[in-house]
Amino acid sequence: MRVKRLVPLLGFVLSGCLFGGGGNDRLPPPRRPAGAPPVTLNMPTSRETQMCYADLSRERVRYSPLPDRDYGGGCTVIGAVQLIDIGVPVTGLKAMRCGLAEEFIGWTRNAVAPAAYQILGSRLVKIETFGTYACRNTIGTPFERLSGHALANAVDVSAFILEDGRRVSIENDWRSDSDDVRRFLEVIHTSACKRFGTVLSPDYNAAHHNHLHLEDDHKSFCR
């Protein structure tokens, strides 16, 4: 499913964890054993991914398509990109499934940046994350299953840096004494729940005390 067209706001362009595939019109490769050497997959680029590339280019996002790879144990990177420049620096980004990248950019431009300016009175100048792809299972849950990170289909956002020097972090400010800071985080959390399939916050469990887990899995799970 293509995301909504990204619209730059405010006169400037700003450019764990549950399992989910995020949608793709190709069948996944047969599962290889965990610990197997990574291999590059010789697969045609899906129509969904081609459309996503076109959307990113249309929105003037600088990115590099990444080769499809199988890392064993069900961990795969298929239809992914490396974001180079979305208009605002973002730390920690590795491979992201293209659909996740689109949703993340839309959330940044149309939710985080406007909320920072309108609620906190300062422009967003950086987003900090704990990363995207990681071949691992979910954390903080009683069951073992692959995380969305194992498919490059999740990003963990930890903090926001403002032009006036403030750093608003999930760990320190989720229950801030500042009404404005709490409102800012509430607004961007609500927006994330409308864009991403799975959103996990400190309200979900202790494993998410310091980040927002954003996953493009077409589910409807927001905590």
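In what follows, every heavy atom counts, from backbone to side chain, and hydrogens, waters and symmetry copies are set aside.
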| Short question: side chain of N153, backbone of D216 - any donor-acceptor pair under 3.5 Å? | yes

| said: I need the R58 CZ to M51 CE distance, nearest 0.5 Å. | reply: 9.0 Å

| query | Would you say L83 and I105 make side-chain contact, with heavy atoms under 4.5 Å? | reply | yes

| message | For residues V90 and L162: do they belong to one hydrophobic cluster (side chain heavy atoms under 4.5 Å, members Ile, Leu, Val, Met, Phe, Trp, Tyr)? | response | yes

| query | Taking it one step at a time, do N210 and W174 satisfy side-chain hydrogen bond (donor to acceptor under 3.5 Å, both in side chains)? | reply | CA-CA 9 Å; N210 59 0; W174 188 252; over 6 Å; no

| query | By side-chain hydrogen bond (donor to acceptor under 3.5 Å, both in side chains), which residues pair with N172, not counting sequence neighbours? | reply | S169

| Neighbour count >12 (heavy atoms, 6.0 Å) for atom CZ, R167 | yes

| query | Is V157 close to L214 at the side-chain level, that is, under 4.5 Å between some pair of heavy atoms? | reply | yes

| request: For Y71, enumerate each residue passing the side-chain hydrogen bond (donor to acceptor under 3.5 Å, both in side chains) test, keeping only those at least two apart in sequence or located in another chain. | output: none

| field | Test applied, side chain to side chain contact (heavy atoms under 4.5 Å, CB included); reference residue, E215; option that passes from V155, T198, L100 | value | T198

| query | Roughly how far, to the nearest 0.5 Å, is the CG atom of L185 from the OG1 atom of T190? | reply | 10.5 Å

| remark: Minimal heavy-atom distance between V168 and D173, with the atoms involved, is CA-OD2, 3.4 Å

| field | Qualifying residue for side chain to side chain donor-acceptor pair (under 3.5 Å) with D203, from R175, H189, R223 | value | R175

| task | Identify the heavy atoms of A95 and A152 that sit nearest to each other, and give their distance. | result | O-CB, 3.6 Å

| said: When you measure from the side chain of S201 to the backbone of L212, do you find a donor-acceptor pair of N or O atoms at a distance under 3.5 Å? | reply: no

| query | Is it the case that one hydrophobic cluster holds both V181 and L124, taking links as side-chain heavy atoms less than 4.5 Å apart, direct or via other members? | reply | yes

| said: Does any part of the side chain of L151, heavy atoms only, come nearer than 4.5 Å to the side chain of C75, both counted from C-beta? | reply: no

| request: Of all the heavy-atom pairs spanning T40 and P67, show the shortest one and how long it is. | output: CG2-CB, 4.3 Å

| Taking it one step at a time, do E102 and R97 satisfy salt bridge (charged side-chain N to carboxylate O under 4.0 Å, His left out)? | CA-CA 9 Å; E102 273 198 289; R97 196 184 63 80; over 6 Å; no

| message | I'd like to check I127 versus T91 (side-chain heavy atoms, cut-off strictly below 4.5 Å). Are they in contact? | response | no

| query | Do Y204 and F221 make the cut of ring centroids closer than 6.0 angstrom? | reply | yes

| message | Nearest 0.5 Å, please: how far is CG in L120 from CD in E163? | response | 13.0 Å

| Shared hydrophobic cluster for L41 and Y133 (ILVMFWY, side-chain gaps under 4.5 Å) | no

| message | Please tell me whether L66 and V61 are part of a single hydrophobic cluster in this structure, the criterion being side-chain heavy atoms less than 4.5 Å apart. | response | no

| task | Look up atom CD1 in I170 and atom CG in D156, then write down how far apart they are to the nearest 0.5 Å. | result | 10.5 Å

| said: Ring-plane angle category for H211 and H208, please: parallel below 30°, perpendicular beyond 60°, tilted otherwise. | reply: tilted

| query | Is the closest side-chain heavy-atom distance between T76 and R69 below 4.5 Å? | reply | no

| said: So does G79 get a backbone contact from the side chain of D68, meaning a donor-acceptor N/O pair under 3.5 Å? | reply: yes

| request: For residues F196 and F104, establish whether the separation of their ring centroids is below 6.0 Å. | output: no

| note | Smallest heavy-atom separation, H213 atom then A154 atom, equals CE1-CB, 3.3 Å

| Within the distance-only criterion (no hydrogens, no angle test), does the side chain of T49 pair as donor or acceptor with the backbone N or O of T45 below 3.5 angstrom? | no

| I188 versus A115, closest heavy-atom pair with distance | CG2-CB, 4.0 Å

| note | Interatomic distance, SG@C52 vs CD@E103, rounded to 0.5 Å, equals 9.5 Å

| Side chain of Q82, backbone of L93: donor and acceptor closer than 3.5 Å? | yes

| said: Going by ring-ring contact (aromatic ring centres under 6.0 Å, His included), name the pairs with one or both residues in residues 36-56, residues two or more places apart or in two chains. | reply: Y53-Y63

| Taking all non-hydrogen atoms of both residues, which atom of V199 and which atom of A192 are closest, and how far apart? | CG2-O, 3.5 Å

| said: Hydrophobic clustering (ILVMFWY, side-chain heavy atoms < 4.5 Å, transitive) - are W107 and I119 grouped together? | reply: yes

| S122 side chain vs D164 backbone, donor-acceptor pair below 3.5 Å | yes

| message | What's the separation between atom SG in C98 and atom CD in Q50, rounded to the nearest 0.5 Å? | response | 11.0 Å

| T138 versus R145, side-chain donor and acceptor atoms under 3.5 Å | no

| task | Carefully, step by step, assess D179 and R182 under the rule salt bridge (charged side-chain N to carboxylate O under 4.0 Å, His left out). | result | CA-CA 5 Å; D179 291 341; R182 289 199 312 274; 2.5 Å; yes

